[in-house]
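What follows is a single structure, written as structure tokens, with notes after it.
A, B, ... follow the sequence lines: proteins, then strands. Residue 1 opens every chain. Please read these numbers as outputs of a predicted model, since none were measured by experiment.
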Amino acid sequence: METDSLTTEVLKQIAEKWQLEWEKQKAFQINEEEGKPKFYLLEMFPYPSGNMHMGHARNYSIGDAFARFKRMNGFNVLYPMGFDAFGLPAENAAIKNKINPKEWTEKNILSFKQNFKKFGSSYDWRREVVTCNPEYYKWNQWFFLKFLEKGMAYRKKSPVNWCPSCKTVLANEQVEQGRCWRCKSKVVFKDLEQWFFRITDYSEELLEGLKDLEWPKEVKIMQENWIGKSEGILVDFKIKESGEKIQIFTTRPDTLFGVTFMVLAPDHPKLLDLVKGTKQEKEVKEFIEKSMHDRISGVLDQEKHGVNTGKYCVNPVNNEEISIYVGNFVLSEYGTGAIMSVPAHDQRDFEFAKKYDLPIKVVIQPQNQSLDAETMEKAFVEVGVLVNSQQFNGIKSNEAIKRMGDWLEEKKIGKKTTEYKIRDWLISRQRYWGTPIPIIYCEKCGVVPVNEKDLPIILPTDVQFTGTGNPIETSKTFTGVKCPKCEGKARRETDTMDTFVDSSWYFLRYSDPKNQKEPFSKQEIEKWLPVDQYIGGVEHAILHLLYARFFTKALRDLNLLEIDEPFNSLLSQGMVLKEGAKMSKSIGNIVDPNEIMDAYGPDVLRFYLLSVAMPETELDWSDQGVPAAFKFITRLWNAVNACIERKQGKSEQNTTATATLQDEYLNALTCKTVEEVTKRFNEKKFNLAVSNLSTLIDVLREYAETIKEPSEKQKEAMQDTAETLVILISPFTPHVSEELWQKLGKKGFASTNARWPEVKKYDSKVLETIEAYKKISEDVEKIKGIAKTSLSKAFIYLIPGELEKFRGLPAYLKRHSGLETIIFSTSDPSKYDPKNKSKSTKPGRPGIYLE
RNA sequence: GCAGGGGUGGCAGAGCCUGGUCAAAUGCGCUGGCUUCAGGGGUCAGUCUCUUAGGAGUCCGAGGGUUCAAAUCCCUCCCCCUGCACCA
């Protein structure tokens, strides 16, 4: 009977139709004149490698749904998209396929954009940002120069992962078990002059700023750990022979009297001097070599090793002489690269002491037991009360930490300090496909920044991709330049910037993407930033999100903008799995979103991705879920169509009748659904909205089908409910919703013209009543058969106080059950004994009892 | 090791903050009925155990506790995931 029953073909046609309409009428272009409140919604922009995968599709389903929700709620939504277009895969593709990375990237961007279109994304493409365009990366270079002026960018020697065969630096992630991921040759450490950004200047602010952000707890904690703040004290120990000082860092000055030896990192700067000419020199040198080698080759040696240097230093608090060791477990890059060892109260020191038979001295006693250095099996690392600590005996650890800190400072042998684990950001890459660093090395003047007016420094195209070395160096036009200062012979920096620089400010550029004079105007930033909702994967929890926060603060201090934090609220979406494993080519469990869209259209894919799991949790892809999503959309389609048909039917003349229970129910249920769905959307728990919508769909259809000749009022109710339903579902299934919106006789787009329904008060009692009522009706159905033979009476029992809810029920029952007499009462027909309320006896549900 | 998040019915996944209305939403799967439906569409019902029905019993990782009452609060233990990993 359905001339327009929904098939996947129809669904796909609908999608195409509305995508075309949206495009034609520029539905999602921001109208800046509207004077609505702004809402900046952003998804992490993709690296355009190959095609869109399911993880992307999920990300954009979430973002697009939320954008649509916000738009319908009266916000002027900035929802842009762009491409993180610089990066290694393009360069590797270039090496492999002998094409220019630019070509490869552009091709992929095109394919991504087609995907977005097919998906029905509601971006305003006028603001597209592509990081490999000179108009964009020019500003990377400009920022670099500004940073340089302020001392925020600097150059220093730093050990990097170096593949001797490919002749290039590798990122940490590209080192697999000590070997180059591509050519499998051993990676070595190499000291190279590298450019850094001084992110450590912002350690404290980056840490403090986390507190006010609406971010997932785990992300905040990850950043906190990465910054790794710890407060402690630097203490000078004098070398016995020379009197030279070696500084150590400790967070536990309360254990200072328990120090029994010192350990230096293998690459501690004073180590070689210390052993020079001694008989330990050879052994120490061998040890250093081995340790460095282990580190280079990525050997994770949990076992603690060390060598005695034969030298002694003096513990400044008690003048005890202690041995100086070199040990593999001491890190040169944290603290001072030297530690005081308190084996009784530090597990690592304890293990080391046991191994090399070094003294153990207890200086902290726990509350209710007594430690004995001889019999201890592990270090006591908690706080306690000081012993063997001269004037500090009897003081509790926490108090002692403070008092000894003051005391050490007073005596000028210690200095309170704060240490952070975070290191400055190494931005140099010996790679082609990135932003050239705007620096010139002059034989006379040294390091000279490029003049601002010469920006952008464009990436050369006359390069060879041989697979070894930095391709830029093969350019004949790029390297040789005149010094901007002295006009003398000079050479251009061939390193490019880490691509994380590109993604550290792209969200700012969206506010003013066409600006030729500046990276962005202050007014536009003022207007749109910060990002109200940022959506992306947890894998960026540390790097990208930390760098972007740093950049925002650094640009603020350059007076380019006035915000402190870029992303107010962060949603980190879970991975898409298949059979419990991450989708990957190697496992072969990839599901291509395009296949799903080709088979069912975008709405099914979007609905599936949103309804099957909360955005934050992992989503285990199930092939069965896809037809289920289709079924849901069909049910919606049928319900709305049932309303439309019924509306066209004859109208009952007698329209004065008061609203029936069903009318009230429909009304109340609609209100409830609006309330719930709105709540769920605000919480961004889209999947939880589905069960409510599902119920409303079924009820609406039943309502429409039951009422043969609806009154005007009832027609109105159907129309209202159907409209509401279509709006509530439209963030999930925008295309079908447009179609239904049109079918319901509405003008304009549901996407842009519909207003999200208001949350109204409703009588929850009506809902309860109907649910009980339905329950009873079911029972009536069962009784029917019996009634025809012997029974003519029904006795309805309702729990006390519920009676008034069931007005109209007896008549209904009479009509439907064929019973002649119905006794409707609150008295109890069964043997229910209120006195005998055992644990699990509940007051009883409304039911029907036969007399 | 440290930190964070979890363990709910055949499966996925709510509920737990704010204890009762929870045998526990919703979807999938399964079973059966209906539908001029002639194979994967639509629809209704059932789907822990017992019961003709009313109802009863057992249940939310394990074990305790608090309470008139616990999937929900507290303690202990076991297991899983994720991040950092010798940071002094």
Q) Among B:rA14, B:rC28, B:rU26, which nucleotide sits nearest the side chain of A:R680? A) B:rA14
Q: Give a yes-or-no answer on whether the side chains of A:S397 and A:D254 include a donor-acceptor pair shorter than 3.5 Å.
A: yes
Q: Mind calculating the distance between CG (A:N225) and P (B:rC2) to the nearest angstrom?
A: 14 Å
(Q) Please give the distance between the P atoms of B:rU26 and B:rC34 as a whole number of Å. (A) 25 Å
Q. To the nearest Å, how far apart are A:L331 CG and B:rA88 P?
A. 10 Å
Q: Could you work out the separation of B:rG57 and B:rU18 based on their C1' atoms and round it to a whole Å?
A: 31 Å
Q) Contact class for A:V263 (heavy atom, under 4.0 Å): base, sugar-phosphate, or nothing? A) nothing
Q.
Counting the atoms with a prime plus P, OP1 and OP2 as sugar-phosphate, which does A:R423 contact under 4.0 Å by heavy atoms, base, sugar-phosphate, or nothing?
A. nothing
**Q.** Rounded interatomic separation in angstrom, taking CG from A:L610 and C1' from B:rG27
**A.** 15 Å
**Q.** Nearest listed nucleotide, side chain of A:S691, among B:rA88, B:rG27, B:rA25
**A.** B:rA25
Report, one pair per line, the protein and nucleotides 9-13 of chain B atoms (nitrogen or oxygen only) whose separation is under 3.5 Å.
none

Q.
Taking any heavy-atom pair under 4.0 Å as a contact, classify A:K217: base, sugar-phosphate, or nothing.
A. sugar-phosphate
Q: In whole angstrom, give me the gap between the P atoms of B:rC11 and B:rG19.
A: 30 Å
Q: State whether A:R680 and A:E683 are salt-bridged, where the test is any N-O pair (Lys NZ or Arg NE/NH1/NH2 against Asp/Glu carboxylate O) under 4.0 Å.
A: yes
Q) Using 4.0 Å as the upper bound for N to carboxylate O, is an ion pair formed by A:E351 and A:K354? A) no
(Q) Could you identify the nucleotide paired to B:rA23, looking across every strand shown and requiring Watson-Crick or G-U wobble geometry with both distances under 3.5 Å? (A) none
Q) If we take the C1' atom in both B:rC80 and B:rA24, what is their distance in whole Å? A) 24 Å
Q: With RNA chain B as reference, determine whether A:K685 or A:V690 sits nearer its 5' end, using the nearest nucleotide of each.
A: A:K685
Q: Determine the interatomic distance between C1' on B:rG13 and the same-named atom on B:rA62; round to the nearest Å.
A: 23 Å
Q: Give the rounded distance in Å between these two atoms: CE of A:M575 and P of B:rG5.
A: 18 Å
Q. Which whole-number value in Å describes the distance from A:L696 CG to B:rA25 C1'?
A. 15 Å
Q) Checking all strands, does A:T7 fall into the base, sugar-phosphate, or nothing category for heavy-atom contacts under 4.0 angstrom? A) nothing
Q. With both distances kept under 3.5 Å, what pairs with B:rG9, Watson-Crick or G-U wobble?
A. none
Q: For B:rU52, give its Watson-Crick or G-U wobble partner with both distances under 3.5 Å, or none.
A: none
Q) Which one of A:N315, A:I324, A:I413 satisfies the side-chain contact (heavy atoms from CB on, under 4.5 Å) criterion with A:F237? A) A:N315
Q) With rounding to whole Å, what would you report as the distance between B:rC48 and B:rG9 at their C1' atoms? A) 7 Å
Q: Please evaluate the base of B:rC86 for a donor-acceptor partner in the side chain of A:K304 within a cut-off of under 3.5 Å?
A: yes
**Q.** For B:rC17, the Watson-Crick or wobble counterpart (both distances under 3.5 Å)
**A.** none
Q: In whole angstrom, give me the gap between the C1' atoms of B:rG20 and B:rA70.
A: 9 Å
**Q.** Option passing side-chain contact (heavy atoms from CB on, under 4.5 Å) with A:E676 (candidates A:T695, A:L728, A:N692, A:L693)
**A.** A:N692
Q | Watson-Crick or G-U wobble mate for B:rG4, both contacts under 3.5 Å | A | B:rC81
Q) Rounding to the closest angstrom, what is the interatomic distance between B:rC28 and B:rU35 at atom C1'? A) 23 Å
Q | Earlier contact from the 5' end, RNA chain B, for A:F630 and A:V330 | A | A:F630
**Q.** Trace of the side-chain contact (heavy atoms from CB on, under 4.5 Å) decision for A:L700 with A:C643
**A.** CA-CA 8 Å; A:L700 178 63; A:C643 291; 3.5 Å; yes
Q: Ignoring the backbone of A:A628, work out which of B:rG27, B:rG29, B:rG42 is nearest its side chain.
A: B:rG27
Q | Atom pair OG1 (A:T260) and CG (A:D349), whose distance is rounded to the nearest 0.5 Å | A | 7.5 Å
(Q) Using the rule ring pair (Phe, Tyr, Trp, His ring centres under 6.0 Å), only one of A:F630, A:Y600, A:F632 pairs with A:F607; which is it? (A) A:F632
Q) When all nucleic acid strands are considered with a 4.0 Å heavy-atom cut-off, which category describes A:I221: base, sugar-phosphate, or nothing? A) sugar-phosphate
Q: Give none if B:rC59 has no partner; otherwise give the nucleotide forming a Watson-Crick or G-U wobble pair with it, both distances under 3.5 Å.
A: none
(Q) Whether A:K578 and A:D623 form a salt bridge (side-chain N of Lys/Arg under 4.0 Å from carboxylate O of Asp/Glu) is what I want to check. (A) yes
**Q.** Nearest-neighbour nucleotide for the A:Y334 side chain, B:rC86, B:rA88, B:rA3 considered
**A.** B:rA88
Q. Counting just side-chain N and O atoms, does A:S611 come under 4.0 Å of either OP1 or OP2 of B:rU26?
A. no
Q.
Which nucleotide, if any, forms a Watson-Crick or G-U wobble pair with B:rA88, using both distances under 3.5 Å?
A. none
Q) Can A:K229 and A:E419 be counted as an ion pair, charged N to O under 4.0 angstrom? A) no
Q.
Taking 4.0 Å as the cut-off, does a side-chain nitrogen or oxygen of A:R635 come that near to OP1 or OP2 on B:rU26?
A. no
Q) Should B:rG32 form a Watson-Crick or G-U wobble pair with both distances under 3.5 Å, which nucleotide is its partner? A) B:rC44
**Q.** Nearest-Å distance for atom pair CG/P, residues A:D254 and B:rA88
**A.** 13 Å
